[in-house]
Each structure stands twice: as C-alpha cells, then as structure tokens.
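Here the structure comes first, spelled out in structure tokens, and everything after it is commentary.
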Amino acid sequence: MDSSDEAQIAYQKFTSGDYECAESLYAELLEKDNQNTEYLAHKAECNFKLSKFQTCLDDVKFLMSLNPADHVDAFISGGRAATKLEKYEDAYHCYKAGLKIVPKHKEIIEDLRELQKIIIKDVETKAAAYEERDYNAVDFCTQDPYPGDVDLFKLEVEILEKKYKIKTETFPQKPFDNLVQQQVANATLAGHNCMQAAKWKEAQKCFTMALQQDPNNYVVRRLRADASNNLDEVTATFQDLWLIPKMKRTQDTWKLGGKMLMRFDLLVLAEFWFRKATQMTTGKDDEPKILFQKCRVIRLYGPLTTDCPIKVDFTEYGRAIYATEDIPEGETVFEDSPIVLGKVFDTVHYKTTIQSCDHCAQSLLSPQEYFMETFSTMESDLRDLVLKYWPNTKPIYCKNCKFVKYCSNDCRTQSWNTYHKIICPARSSATARLFKLSENLGKEPDETGTMVEVWDGHFSPLILARVWATIVTTAKSLARESGDIIPTKDQWAMAKSPYRKFIAYGNISVEKDQKEIKALFREIFSDCGDGVSYEITDAEYNGRYYQAVCNLQVFSSPWTPYHKFLEELGRAEEDEDRTLRLLKYLKEKPPASNVCGMFPLHACLNHSCLNNVEVSDGMVHGKGGVTVRAKRTIQKGEEIFTTYIDTAMPRKLRRAWLYKSFNFWCRCPRCQVEGDDADVCTKCGKKAPEGKKFPGCGKCMKAWYCSVACQKIAWKLGHKLVCSTEHSKTSYG
C-alpha cells in the first residue's frame with residue numbers, strides 16, 4: 001500500500017471519529033514525510049479529541065514553524081490544548097497563527113476573548129496579595145563587599161589623605177570652663193540662626209568660632225559640615241564628617257559622608273559609609289540602600305558605558321539606563337555581548353533547526369539548508385559555483401563527547417576551559433542526560449516510553465548549567481593561582497561576581513515544581529573534580545532560574561555563511577555570468593539560528609509599552625550580540641526603555657501578561673492613557689449608562705471617553721503621543 005492509500009484511510013478514520021486509529025496512521029505517515037502539514041494538522045486534531053493536550057500542542061508548534069497556508073482547525077485545537085494546559089502564551093500564539101490564515105475567523109476571535117478572561121482571572125487570583133503593589137528593588141540587592149574591596153578601601157583612604165588632604169586629628173580634652181562653653185553656645189546659636197536664614201557662609205564662620213573654642217564638640221562639627229555642604233565645599237564637608245568618631249556618627253552623618261565620597265569618586269569608601277547608614281536605618285527610609293546601589297552600578301557598569309551616550313543608574317524601581325546626550329532616531333545607543341548563551345525552546349516563534357556554534361552562536365548554515373530543495377534541482381554548474389564560494393561550515397566537535405558543535409578550534413578550546421569540561425556529556429550519565437533533555441526540548445521518556453516534560457522553560461536548561469560550570473571553573477582557577485586546592489570563600493565570591501549584574505525577581509518558588517531537574521543539577525555539580533563541589537540550594541536554584549527568566553534575550557549572529565558567500569561571490573569577476581544566473585535562487589533573508597543569552601548592559605533596560613529603543617541582532621567584537629537603536633529621538637536625561645511584550649495587545653491583557661511573566665504591574669504612559677473597555681471613561685472613570693457604551697478613539701480604539709472634554713484633556717496629557725507611536729514586538733527567550 002502506497003502513502004496516498006494510507007493517507008486516504010487515515011482521513012476516513014479521522015472524519016468518522018475514530019481518532020485513536022487515525023492518530024496512529026498519521027504518526028506512521030509522518031515518519032515517511034515529517035513536514036507534511038496536512039498529516040501534522042490532522043494528527044494534532046486527533047490528539048486534542050483524545051485529550052492528549054501536550055502532544056497536540058507539540059504537533060501544532062511544529063506545524064506553526066512550517067508556516068502553512070491553511071489548517072486553521074489545527075491551530076484552534078492547539079490554542080484550546082494550550083489553554084487546558086494553562087500555557088496561555090502558547091495558546092495566544094496558536095490563535096494568532098490561525099488569524100494569519102483567516103483574519104476574522106469568528107471561532108478564533110471568540111476563543112481569544114475567552115482566553116483573555118482566563119488569563120486575567122488567573123493573574124488576579126494568583127496576584128491577589130500583590131495587586132498593584134510595587135516590589136522594592138533594593139530588597140533584591142545585597143550590600144556584600146566584593147573580593148578585593150579591603151585592598152581598595154586602604155588605597156582610597158590613602159587618596160583621601162594625599163589628594164584631598166583629609167586629616168585624621170585628635171584634639172586634647174580641655175578642662176570644663178563655663179565662660180568658654182557659653183561662648184560656644186552663643187556662636188552655635190548664631191550659626192543656627194544663619195542656617196535658618198540660608199546664610200551659609202555666615203553660619204560656617206559662626207560654627208568655626210565655636211570649634212576653635214571646643215574642637216571636640218561633634219554636634220557643632222556636624223552643623224558646620226551641613227553649612228559647607230550647602231556652599232558645595234565637598235572637601236570641607238567631608239573633613240568635618242571624617243573627624244567625628246565612628247561611635248558618634250549618626251545615620252545622617254554616614255549618609256552625607258557617602259555622598260561626599262561619591263563626589264570624590266571613591267566608591268568603595270562610599271559603599272562603606274552607605275552600608276553603615278543602612279545598618280542604622282529604622283522605618284521605611286530606603287535612601288541609604290538606594291545610594292549604596294548607585295555606587296555599585298557605577299562600579300559595575302561604568303567600564304561598560306565609557307564609549308556610549310548612556311549611563312546606568314539605580315532608582316527606587318531598580319537599575320535603569322539614561323541618555324547622557326541627545327540620541328537621534330535610528331542611532332545606535334549601545335551594543336552588548338552575552339555572558340552566557342544557549343538554545344531557545346520557544347518553537348512558536350523560532351525555528352531552531354539551523355546549526356550554530358555552541359560557544360559563540362555563529363551560524364553553521366550549509367548551502368543545502370539555505371537553498372533547500374532547489375539546491376538539488378539547479379543547474380550543476382551553479383551548484384558547483386555555490387560550493388566553490390560558500391564558506392566551510394562543517395562543525396568541529398568536542399573531542400570527548402563528539403556531540404557538541406563549534407565553528408572553530410578557538411571556540412572549542414574556550415568552551416572547554418570555561419565551562420564545558422564540567423558539563424560535557426561524556427563526563428557522566430547525569431551530564432549526558434542533561435544534554436539529551438536539551439535536545440528533546442525539555443522532555444524525556446517516562447517508564448512507559450511516553451515523552452514527558454521535565455523542564456518547561458522557553459530556554460535550554462544548559463544555560464543554568466553553564467552559569468554554574470563557569471563559576472566552578474573560575475573558582476578552581478583562582479584557587480590554583482593561589483596554590484590552593486579547594487577554592488576559598490573569597491575565590492567563590494570572585495567567581496560569582498559577573499552574575500551580580502543580573503537582578504532576579506519572582507513571586508513563586510519554582511524549585512518546588514522542578515524537583516527532578518533540580519536533582520539532576522545537584523548530581524552533576526556534587527563532583528566537579530579535584531574534590532570540588534558546588535552546592536545548589538533551593539535559594540540558589542530559584543535565584544539563577546529567575547536571573548535567566550528575567551534577563552534572557554533572543555538573538556542570532558547577523559553575519560551568516562550566506563553573507564560571507566555573497567561577499568566572496570561579489571569579488572569573483574571570472575564567475576560573473578554564472579553569478580547572474582544564480583540570482584533567481586537567492587532569497588531575501590537566510591534562516592536564522594536563534595539562541596538566547598544574558599547580556600549585562602541590556603539587562604538594565606526597563607520596560608515600557610511606549611518604548612523608545614528597539615533591540616536587534618548585531619555584531620559585537622566579531623561575534624553575535626545585540627544592537628540597541630533609538631526608535632525615536634531621545635533627549636539627554638531621558639530613561640531608555642525597551643519592551644518585553646507586543647505593545648499592540650489590549651491594555652488589560654498586556655498588564656496581566658507582564659505581571660504573570662515578569663512580576664510587575666506596568667504603569668507606563670501607554671498603560672495610563674489607554675483604557676480596558678467602553679464601559680468606563682478612560683479619563684475620568686465615569687461608568688456608561690446600562691446597556692450603552694462610550695465612543696472610542698477613532699485611531700487606536702484603545703481609549704473611550706464620556707465627553708469631548710475628557711477626550712481633549714486626555715489628548716493633551718499624552719494620548720496624542722501614544723496614539724501616534726508605532727507598536728513594537730519583542731524577542732524573548
């Protein structure tokens with residue numbers, strides 16, 4: 001029996017409702033022709049009817065990657081299966097794929113309305129304790145000293161003494177004298193009155209007179225520091241604060257001293273003073289904590305932004321990037337390289353079949369992958385031309401596992417020395433299992449042979465493994481350099497320090513739902529060689545997981561073998577005739593080998609649904625990275641915003657989705673001027689009469705008003721800008 005006969009029988013079983021038999025037949029047909037969209041669509045529908053929702057969703061995701069021109073019913077089944085599994089983002093994209101085929105499909109539109117209600121209800125239920133509450137960013141940032149800070153502290157004290165002439169003095173205690181103390185009191189009172197009148201210079205003179213009589217009066221010395229500070233005399237201010245004994249310094253004294261040290265650019269000392277201020281803080285005063293983190297981001301990100309028109313700062317909402325000069329529309333704001341990278345599992349958005357270097361993400365696109373079926377049907381001399389100029393993309397494999405692929409010997413060596421030695425699949429059955437799990441997109445067979453999901457992230461679990469393996473390798477290297485075998489506490493801290501750039505935040509402790517994969521990680525890192533182990537506690541697992549979730553960005557190397565091929569072809573004058581004939585086979589864009597990575601500077605970008613930059617693939621230091629460009633002209637001092645979501649989504653759904661995925665309620669300008677529905681005036685909150693709706697904005701249809709007056713006020717307050725700004729989508733790992 002040939003395939004056409006088998007397909008006819010499978011279809012008969014499908015239409016008659018014998019879904020189990022039909023599913024089995026379509027599975028056999030797909031073994032012979034795994035990209036047949038009709039077989040795949042019917043198999044997905046069978047699995048939905050059989051309540052095999054995960055299998056149905058897997059089928060539809062693969063179908064989606066093939067960009068079919070029909071099979072709307074399969075996408076509806078996929079959307080409903082994903083909804084049953086509470087995978088709402090997958091459901092949304094299944095329905096959107098169906099609408100690409102039939103834009104106004106009534107059944108999909110109704111399902112999307114129901115999906116919106118389900119998502120919002122789900123978020124409202126789970127977030128009841130957090131509703132509209134901002135998290136406190138400083139609560140997620142430590143004040144631990146960095147390795148080496150002790151030596152830097154001593155160096156900065158020397159700079160204080162030598163460059164700024166800050167003196168460490170002690171004054172002899174004079175016998176008590178009523179007359180002297182009266183003079184001190186009079187001068188202090190006069191100084192206080194001058195301070196009240198904002199006569200800073202006169203106040204400074206009065207306090208100086210008092211200190212000449214009683215140099216050990218630390219209250220007066222603190223008052224003179226305030227006067228000097230108001231005169232912007234940094235050295236004089238700090239000199240007085242420095243002379244106040246540590247036991248006598250108040251919280252405000254430590255805080256002001258830290259501010260002066262920031263002016264001196266002595267950041268380790270400033271952190272010390274802010275840390276002391278934090279320790280003495282009572283109540284809800286977060287200023288010392290925020291000032292401490294301002295110091296820390298200067299230390300962390302100052303070197304990364306030297307040649308960029310930006311700076312990183314710390315606000316009550318966390319790290320943020322600001323423009324230090326006007327940035328014209330279309331200009332590059334900054335470029336960034338990943339500190340760690342890995343495979344994307346989000347097959348709804350990205351096809352991951354194109355090979356790439358496991359270390360640097362360089363595409364290993366072959367001519368067969370680019371030209372596909374036309375490669376075998378084009379004229380033989382054109383095929384020879386392609387093979388002549390196409391760069392060598394034959395992978396170089398790990399010498400041990402013969403599994404992991406690289407673009408060069410350099411990448412293979414760097415990978416081995418940085419992390420791969422610890423997690424190579426040839427090292428143990430546990431590491432082999434981890435790689436197999438990654439290859440199967442987070443699934444592995446259970447005792448019955450059925451593929452079950454062990455890891456539900458949109459990114460490969462190898463990303464977390466590489467973070468831990470890099471930490472271990474670095475710590476062991478630091479230990480060897482110091483003549484140690486087991487890394488010290490400071491060496492571990494030094495090894496972890498690059499990952500301090502990534503803030504992690506989540507309301508749910510994921511390690512409780514990921515016990516199996518957590519146990520696998522623990523097995524792998526319980527023995528890292530040379531007697532070294534790395535403990536993956538629940539807190540460590542939770543923290544690293546959310547570091548990845550909150551900071552991963554999808555990217556691919558924009559310079560592919562295809563581009564190199566075109567460059568070489570353009571120089572080949574002797575093959576000009578054949579080149580012209582080849583043009584008809586060239587596509588506009590080669591398929592990408594999408595991966596995702598954690599980018600230190602990019603991770604500081606905050607979200608706005610009215611974003612002013614867009615992130616794209618870029619070449620950074622000859623390797624794949626990201627380029628951040630201005631979407632519009634950005635003014636000096638303005639915060640740089642990206643978007644974490646498709647901004648065209650309805651406001652209520654958009655905000656719920658952001659909370660569900662990123663744990664915050666968005667209050668950006670777009671969210672403030674758009675409404676949720678026509679029952680309530682977006683501007684004043686007035687409710688529409690029963691059975692009636694308010695008219696909406698004729699341009700965006702995302703704001704509704706009870707009157708022309710409300711519409712005009714809203715237009716001036718920001719709706720005009722929001723309404724005229726083009727929407728953005730996002731690339732999320």
Side-chain angles (χ1 to χ4, degrees), residues 138 141 143 145 149 152-153 155-171 184 187-211 214-299 313-316:
V138 293
C141 304
Q143 291 191 352
D149 274 2
L152 287 173
F153 185 95
L155 176 63
E156 290 188 0
V157 171
E158 287 183 26
I159 294 171
L160 268 181
E161 295 170 347
K162 293 178 180 178
K163 182 176 179 180
Y164 298 104
K165 310 301 181 187
I166 299 298
K167 301 174 184 177
T168 304
E169 296 183 69
T170 56
F171 303 98
V184 170
T188 302
L189 180 60
H192 175 73
N193 291 334
C194 290
M195 292 283 283
Q196 294 291 99
K199 296 179 179 179
W200 316 121
K201 197 66 180 176
E202 290 84 346
Q204 189 184 52
K205 289 177 181 178
C206 292
F207 295 138
T208 299
M209 288 174 59
L211 286 169
D214 185 5
N216 287 314
N217 192 317
Y218 304 119
V219 173
V220 177
R221 196 168 289 284
R222 180 66 180 81
L223 289 169
R224 188 171 72 170
D226 279 338
S228 299
N229 183 40
N230 282 302
L231 290 167
D232 202 30
E233 295 178 0
V234 179
T235 303
T237 302
F238 189 75
Q239 177 65 81
D240 275 331
L241 299 174
W242 185 256
L243 290 174
I244 299 172
K246 292 178 183 177
M247 297 301 293
K248 301 287 186 180
R249 293 174 189 165
T250 64
Q251 190 249 26
D252 282 340
T253 300
W254 286 110
K255 185 165 64 176
L256 181 58
K259 291 178 180 178
M260 297 303 104
L261 289 163
M262 285 186 75
R263 298 278 296 275
F264 290 145
D265 199 30
L266 300 177
L267 300 175
V268 176
L269 271 175
E271 284 189 359
F272 176 82
W273 281 61
F274 290 136
R275 191 181 292 114
K276 289 290 187 181
T278 300
Q279 291 166 0
M280 297 181 73
T281 298
T282 57
K284 296 183 178 180
D285 181 10
D286 283 336
E287 188 184 11
K289 296 179 184 178
I290 291 173
L291 288 168
F292 180 96
Q293 296 303 328
K294 284 180 179 289
C295 277
R296 185 134 288 186
V297 297
I298 294 172
R299 295 181 66 190
D313 200 354
F314 193 93
T315 72
E316 59 184 310

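- Between Pro288 and Met280 there is no side-chain heavy-atom pair separated by less than 4.5 Å.
- Nearest approach of Lys248 to Tyr218, heavy atoms of both residues: CG-CD1, 4.2 Å.
- Although no hydrogens or angles enter the test, the distance criterion places no donor-acceptor pair under 3.5 Å between the side chain of Gln143 and the main chain of Phe292.
- No donor-acceptor distance shorter than 3.5 angstrom exists from the side chain of Asp214 to the backbone of Ala210, with no hydrogens or angles considered.
- For the side chain to side chain donor-acceptor pair (under 3.5 Å) test with Gln204, the passing option among Glu233, Lys199, Arg224 is Glu233; the others fail.
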Is there a side-chain contact (heavy atoms from CB on, under 4.5 Å) between Phe272 and Glu156 once you walk through the steps?
CA-CA 11 Å; Phe272 176 82; Glu156 290 188 0; over 6 Å; no
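- Using a cut-off of 4.0 Å between Lys/Arg side-chain N and Asp/Glu carboxylate O, Lys163 and Asp265 are scored as not salt-bridged.
- A salt bridge between Glu287 and Lys294 is absent, with no side-chain N of the basic residue lying under 4.0 Å from a carboxylate O of the acidic one.
- No donor-acceptor distance shorter than 3.5 angstrom exists from the side chain of Glu202 to the backbone of Cys194, with no hydrogens or angles considered.
- For the side chain to side chain donor-acceptor pair (under 3.5 Å) with Thr253, the qualifying choice from Arg221, Lys276, Arg222 is Arg222, the only one to do so.
- Aromatic pair Phe238/Trp273: ring centres closer than 6.0 Å.
- The side-chain heavy atoms of Leu223 and Met195, taken from C-beta on, include no pair separated by under 4.5 Å.
- Pairing each heavy atom of Gly191 with each of Ala203, the nearest pair is O-CB, 3.5 Å.
- With no hydrogens or angles considered, no side-chain donor-acceptor pair links Thr278 and Thr281 at under 3.5 Å.
- Of the possible polar contacts, none joining the Glu169 side chain to the Leu243 backbone as a donor-acceptor pair under 3.5 Å is found.
- Arg249 contributes a side-chain N or O that, together with a main-chain N or O of Trp242, makes up a donor-acceptor pair within less than 3.5 Å.
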